[in-house]
Every structure is written in structure tokens, then in C-alpha cells.
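See below for the structure under consideration.
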Amino acid sequence: MRKKWERTNVTNLLRNGQSGTYYARVKVNGKEKWRTLKTKVFSVAKLKLGDVEKEERSKGLVATSEALPQGGETTVGRFINIYLTRTKDDPALRPATRSRREIAVKAILKTWRDLPLRDARRVTPTDCRQWAASALRNGTGFVAPKAKTVRMGMSSSSFNKCVDTLRAIFEIAREYGMAYRNPLESVSKARMRQKRLELPSVAQFHAIVKSVSEAGARQSKDCADLVRFLAFSGARISEANAVRWCDFDAEKGRLAIPGTKSTSSERVIPISPPLAGLFAEIRRRRGLESADAPILRVRECKGALRSACSAVGVMPITHHDLRHLFATRCIESGVDVPTVSRWLGHSDGGALAMRTYGHLRQEHSAAQATKVHF
């Protein structure tokens, strides 16, 4: 006769000898808990065992914490404050990152108003999923001044930032022993729609530059310099503002781009003929300047770009669209995507560039195929 309970080579996993069903045996707070895994397949039972152990120990942690005082030390609000303090005191974070985190916290508090008073030990994955559905459907209710249209719900980008922030807050709660598992684990991020790029042609771009340069304002030529620099280098606007003459090496034909988004975004790019021509023109117009002098004299040109696009009759473009224009022209000129990705300062080996510009490579490849003759 077979034994009723058969041991396996996996700790806490036993098999009922009569039914063949596998069971989990977990000790929590000094008590032994038995749970059926509802399977007779050993490989499936091993996979289920880990989830059952986590669930039972999570229940045990909450049961143990019932005896703790019901003061503010267990509320989510406490861990939100810790998160904000760490954000403020972290010297490695850029100001834009700090601001983005603070905005995400405000959005969370608007969409989950009683969260700060909730006991961190009792926030469940179901609570988090209900918040996620409500936040995506209703949003924060914010309406921009003079807005012509009112957005219903929360954008995917804002929602995903809120999810990341909430996960970080509950990770702090775990760090303090207030939770066994993060309740945000079961909340999926919203799918981001790929932005459709509507960029000017080469002729339209030159017409935009001419319109910006001849607008008649005191800094019109400086604005045109910025427009061309962004399009010829692929730099972000913050990176363009940080470029100095000492970063320009005419002899070696290289330009050092300071990394303002992250340390990994620091890079050296080859100076293309259009970029070299721009630097030579600026030198002729302004003469020699100190090595620490900024190459560009204006920090932004949004208004000038908008007016020029309207005058030329094309869709308005932004500073970042000029970065897209750089990548597009590089790929259409035959530069491979991984190389373009390095020039842009991406650290993912070209994955983002492929998602954004991969269709251009296919179009270029199809155009080149028409030149093949036998």
C-alpha cells in the first residue's frame, strides 16, 4: 500500500499517494499551512508552489502586523513622504526627473484621494487594479487654460509614470516590512501609441530655415542657427544649449555632445558636411570666441519655428521633431540604424531607433531594389 504523503525533491512540495495531487506545505508564524495545488503534474506543481508560498507568507505578515499601533507609521502617506524626500535629496537626479516624479505623485493623489490614509499593509492588488481603471477612464480632471478640447481620462504616458511612482512607493513599504509583495505587480502599463512623424521635406526644411532667418527679429539669425544645429546634429534641445566651442574639434572632425539626459547619453559624433558648414558660417559672422562660449546664442526657438512653418505651409514642428528629421535623413542617406542610434545617444543598441525609424529603412531598401538590373 502506498504512503498517503510522498516527499519530493522540492522543499514544501508533497504528493498525495492516493489521489496523485500535489500539495504545498508552508510554515507561517509557527503554524503549518497545507494548500492543494490542484495538479498531478510535477512541473506544474513546482511553478504553482512559489505563488502559494508568497501568498501565504503575505497573509502571515499582515496577520502579524495587526498588533502594531494604528498610527501614521503604517499609512501609505508615510511612504509617499519618504519617496518625495528621497527624490528631493538624491543628487544624481536631474531637476526634470524630480519635477516629473512630483507631478506623478500629485496625479496619484487626485485619482486616489484616500490613498494617503490607507494602511499600506491592507492595500491589495484588486485595489490597485480598480485605481488603474478609474485613473485611465476619468483622469485628474485637469483642464489647461484656454484649452479648445478637454481630454477624457489620463494619457498613457502620464498613467505609466503614475504606475512607476506607485510601485516605487510600495517598494519602500516592503523595505520597511509593511508588505510582503508589491500590490502594483498586477497592474500593467498602458500601451503607448507610436507618434506619426510628419516631417518637412528637404526643400521645405530649407524654406523654414530661410523664413526663420529673415523674420526680422533681433535674434532671427541665432534662431536659424539653432534650427540647423538641431537638424544637423540630432542633439536634444538641452544638449544643444550645453555645447561650447571647446566641444568642437575641427581637426579631427568630431563634436562632443554633453549628456544632459543621463551619463550614458554623453557621446562624440562625426561632423557631417552640413554641420561643418554651419560652424564655419557662425565663425565668419561672429569671429573667434572663447573656448567656453556657447556655440548657440538662443536657448529655444519654438515661436520662430511655428511662425516659419505657417509661412511655408507645413505642419508645425518642434525642437524634438528636428532630432527626428536628423535621424530620418541619416537613414534615407544609407546610414545603418545602430550607427544612427549611437549618434542620437541611445543606450539600447538601436531598439528604440528601430521602433521609431525602422519603416524608413524598409522604404529605403525597396527604393534601392528598383535600381537592380540584369
Side-chain angles (χ1 to χ4, degrees), residues 12-13 22-29 31 33-39 44-68 70-84 86-87 100-101 103-140 153-192:
N12 295 330
L13 180 62
Y22 285 93
Y23 282 73
R25 182 181 63 184
V26 188
K27 185 171 272 191
V28 180
N29 297 336
K31 296 181 180 179
K33 304 276 186 179
W34 287 73
R35 285 272 301 275
T36 176
L37 299 178
K38 298 180 180 179
T39 183
V44 175
K46 283 199 301 181
L47 294 173
K48 286 188 172 184
L49 176 64
D51 291 334
V52 170
E53 286 179 324
K54 286 182 180 179
E55 184 179 343
E56 288 298 329
R57 285 172 181 151
S58 178
K59 290 178 183 177
L61 183 62
V62 171
T64 302
S65 62
E66 297 286 347
L68 292 176
Q70 298 298 309
E73 67 274 7
T74 65
T75 63
V76 178
R78 176 196 180 194
F79 303 110
I80 292 174
N81 290 332
I82 293 173
Y83 174 79
L84 290 173
R86 290 182 179 181
T87 295
R100 190 161 54 244
R101 289 186 177 186
I103 291 171
V105 169
K106 290 179 181 178
I108 291 167
L109 297 180
K110 285 184 178 180
T111 53
W112 197 343
R113 295 188 180 278
D114 68 334
L115 180 64
L117 301 177
R118 294 285 298 274
D119 191 324
R121 301 167 297 179
R122 295 177 175 82
V123 177
T124 66
T126 301
D127 295 332
C128 296
R129 287 193 294 269
Q130 289 175 347
W131 161 79
S134 175
L136 276 173
R137 181 174 61 253
N138 302 320
T140 62
M154 186 181 288
S155 69
S156 297
S157 175
S158 297
F159 173 77
N160 291 343
K161 290 183 178 73
C162 288
V163 171
D164 287 336
T165 301
L166 264 180
R167 283 177 181 167
I169 290 168
F170 279 102
E171 279 303 310
I172 296 174
R174 287 186 62 191
E175 176 187 326
Y176 277 73
M178 293 297 115
Y180 182 77
R181 61 192 303 178
N182 195 319
L184 265 292
E185 288 178 357
S186 62
V187 175
S188 301
K189 289 187 177 182
R191 185 175 180 180
M192 298 283 289

### Query
What residue among E171, R167, R174 forms side-chain hydrogen bond (donor to acceptor under 3.5 Å, both in side chains) with N182?
E171
### Message
So does Q130 get a backbone contact from the side chain of S134, meaning a donor-acceptor N/O pair under 3.5 Å?
### Response
no
### Message
Nearest 0.5 Å, please: how far is OG1 in T111 from CG in N138?
### Response
9.5 Å
### Task
Give a yes or no answer on whether the side chain of D51 reaches the backbone of K48 with a donor-acceptor pair at less than 3.5 Å.
no
#### Entry: Pair E175 + R86: basic N to acidic O under 4.0 Å
yes
### Message
Can you confirm whether F170 sits close enough to V76 that some side-chain heavy atom of one is under 4.5 Å from a side-chain heavy atom of the other?
### Response
yes
### Side-chain touch F79/M178, heavy atoms, less than 4.5 angstrom
yes
### Message
Under 4.0 Å between a side-chain nitrogen and a carboxylate oxygen: does that hold for R101 and D164?
### Response
no
#### Entry: Close side-chain approach of W112 to V123, heavy-atom, < 4.5 Å
yes
### Query
So, N160 side chain and A190 main chain: donor-acceptor pair closer than 3.5 Å or not?
yes
### Query
Would a 4.5 Å heavy-atom cut-off, applied to side chains only, mark L166 and V187 as touching?
no
### Query
Do the non-hydrogen side-chain atoms of I103 and R100 ever get within less than 4.5 Å of each other?
no
### Query
Quick one: does R78's side chain have a donor or acceptor within less than 3.5 Å of a partner on E73's backbone?
yes
### Message
Within the structure provided, determine whether W131 and P183 are in side-chain contact (heavy-atom separation under 4.5 Å).
### Response
no
### Query
Can you tell me how far CG of L115 sits from CD1 of I169, rounded to the nearest 0.5 angstrom?
7.0 Å
#### Entry: Heavy-atom side-chain contact between L13 and L37 under 4.5 Å
yes
#### Entry: Spacing of R35 atom CZ and L49 atom CG [to the nearest 0.5 Å]
11.0 Å
### Task
Could you tell me which non-hydrogen atom of M154 sits nearest to which non-hydrogen atom of C162, and how far apart they are?
SD-SG, 4.2 Å
### Message
As an exercise, state the distance from CD1 of I108 to CZ of F159, rounded to the nearest 0.5 Å.
### Response
10.0 Å
### Query
Does any non-hydrogen side-chain atom of T165 lie less than 4.5 Å from one of V105?
yes
#### Entry: Considering all heavy atoms, the nearest S156-R191 contact
OG-O, 3.2 Å
